[in-house]
Amino acid sequence: MLIAQITDLHIKPERRLAYRRVDTASMLEAAIAHLNALDPRPDVVLATGDLVDAGTADEYGVLRDILAPLKPPLFLLPGNHDLGPALMDAFAQHRHLPRGGAAVNYAIEEYPVRLIALDTTVPGEAGGRVESAHCRWLDERLDEAPDRPTIVFTHHPPFRTGIAHMDRIGLANADALAAVVRRFPCVERVLCGHLHRSIQVRWAGTIASTAPSTAHQVTLDLRHDGPSSFVMEPPGLQLHLWHPDSGVVTHTATIGAFDGPHPFHDGGKLIA
Ligand SMILES: [Fe+2]
Ligand SMILES: [Fe+2]
């Protein structure tokens, strides 16, 4: 099973630039073209939050139009820049999304790897939180199938990254989430967004990670007083390849046009 992850799309109304600089709409179109051209094609695409920038209906309309050509099934999760009710209105055909502004927690059962979305957003706040009720909900879902390989996906990562301004808007109550995840070795990964970079850590008996944004990246600055800033490093997405013998192997793909591929060999010999 091939699971693609895109994150932090930050679509603006009328395709406006984010932060007066970033053409998030065109960059998402490039990500969708990249995904559609993949061979093998991903079985699913997870979008791990900050789908739009301010949570307005206008933005979700633009997002819906840009996502429409995407061929694999898509599973959405809100981030701190999203608003659940507007997201649900714009994607009402996504049957797994709850109605009426409820937390976006759901489990997808029909693939070899179970996919469990866990909503970490707190209305009006940049940082996230795992509510106790959500922890119990996750515990119950994992307990239903403790032997099936499972991926949990959230927006806020449950670990400190060392990027200080992002850690200040990190995930509260992460210890409670860790206590649940640690009980279930079937959790192959906790896949997150929010950081606009690829970061991995050993966490709660599994691997937790964040993914690059399809648009701008958060500056890699590990100073304790590093200012909040972004950088136009190449955009990316992640491909999580699951096989029953090897578990999940994660690849970070760079989106863009690059020279190559070029052969290593000519006439059966390594090119000297
Ligand atoms: Fe973001
Ligand atoms: Fe975020």
Side-chain angles (χ1 to χ4, degrees), residues 4-13 15-28 30-31 45-56 59-60 62-63 66-67 74-84 86-87 103-105 117-131 134 152-174 177 190-199 201 208-221 226-238 252 255:
Q5 181 188 5
I6 57 174
T7 198
D8 292 272
L9 324 177
H10 285 272
I11 295 299
K12 301 283 284 184
R15 301 175 62 103
R16 289 214 302 267
L17 302 182
Y19 311 107
R20 298 198 291 266
R21 259 176 215 283
V22 188
D23 185 357
T24 55
S26 296
M27 296 179 89
L28 179 56
V45 177
L46 311 180
T48 47
D50 288 355
L51 308 174
V52 300
D53 205 50
T56 66
E59 291 178 338
Y60 285 113
V62 175
L63 175 68
I66 296 174
L67 290 174
L74 173 67
F75 297 102
L76 301 171
L77 186 67
N80 48 297
H81 285 259
D82 291 293
L83 274 180
L87 168 66
V104 182
N105 299 323
L118 189 69
D119 191 340
T120 56
T121 61
V122 179
E125 295 196 14
R129 179 176 180 80
V130 188
E131 300 296 343
H134 297 188
V152 176
F153 57 111
T154 71
H155 180 65
H156 298 84
F159 58 90
R160 289 178 62 82
T161 66
I163 299 178
H165 65 95
M166 294 304 290
D167 287 341
R168 284 196 287 274
I169 54 169
L171 185 67
N173 211 22
L177 179 60
V190 177
L191 301 180
C192 313
H194 194 50
L195 259 294
H196 296 234
R197 304 201 65 79
S198 173
I199 307 170
V201 68
S209 63
T210 65
S213 168
T214 55
H216 49 294
Q217 313 305 315
V218 166
T219 308
L220 176 50
D221 184 344
S228 166
S229 68
F230 65 90
V231 62
M232 296 311 294
E233 289 173 3
L237 55 84
Q238 286 187 325
T252 298
I255 301 167

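All ligand and atom numbering here is 1-based and tracks the order in the structure.
To the nearest 0.5 Å, the span separating OG on Ser209 from CZ on Phe159 amounts to 7.0 Å. A distance of 5.0 Å separates CG of Leu28 from CD1 of Ile66, quoted to the nearest 0.5 Å.
Applying the ring pair (Phe, Tyr, Trp, His ring centres under 6.0 Å) rule to Phe75 yields the partners His96; only residues at least two apart in sequence or on another chain are considered. Arg160 pairs by the salt bridge (charged side-chain N to carboxylate O under 4.0 Å, His left out) definition with nothing, not counting sequence neighbours.
With a 4.5 Å cut-off on side-chain heavy atoms, His10 and His216 count as touching.
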Under 3.5 Å, which donor-acceptor pairs link side chains of residues 117-130 to any protein atom two or more places apart or in another chain?
| from | atom 1 | to | atom 2 | distance (Å) |
| --- | --- | --- | --- | --- |
| Asp119 | OD1 | Thr121 | N | 2.9 |
| Asp119 | OD1 | Thr121 | OG1 | 2.7 |
| Asp119 | OD2 | Val104 | N | 2.8 |
| Thr120 | OG1 | His156 | N | 3.2 |
| Thr120 | OG1 | His156 | ND1 | 2.8 |

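His155 contributes NE2 as its N, O or S atom closest to the Fe ion (ligand 2).
Listed by chain and number, the protein atoms of type N/O/S under 2.8 Å from the Fe ion (ligand 1) are Asp8 OD1, His10 NE2, Asp50 OD2, His196 NE2; waters are omitted.
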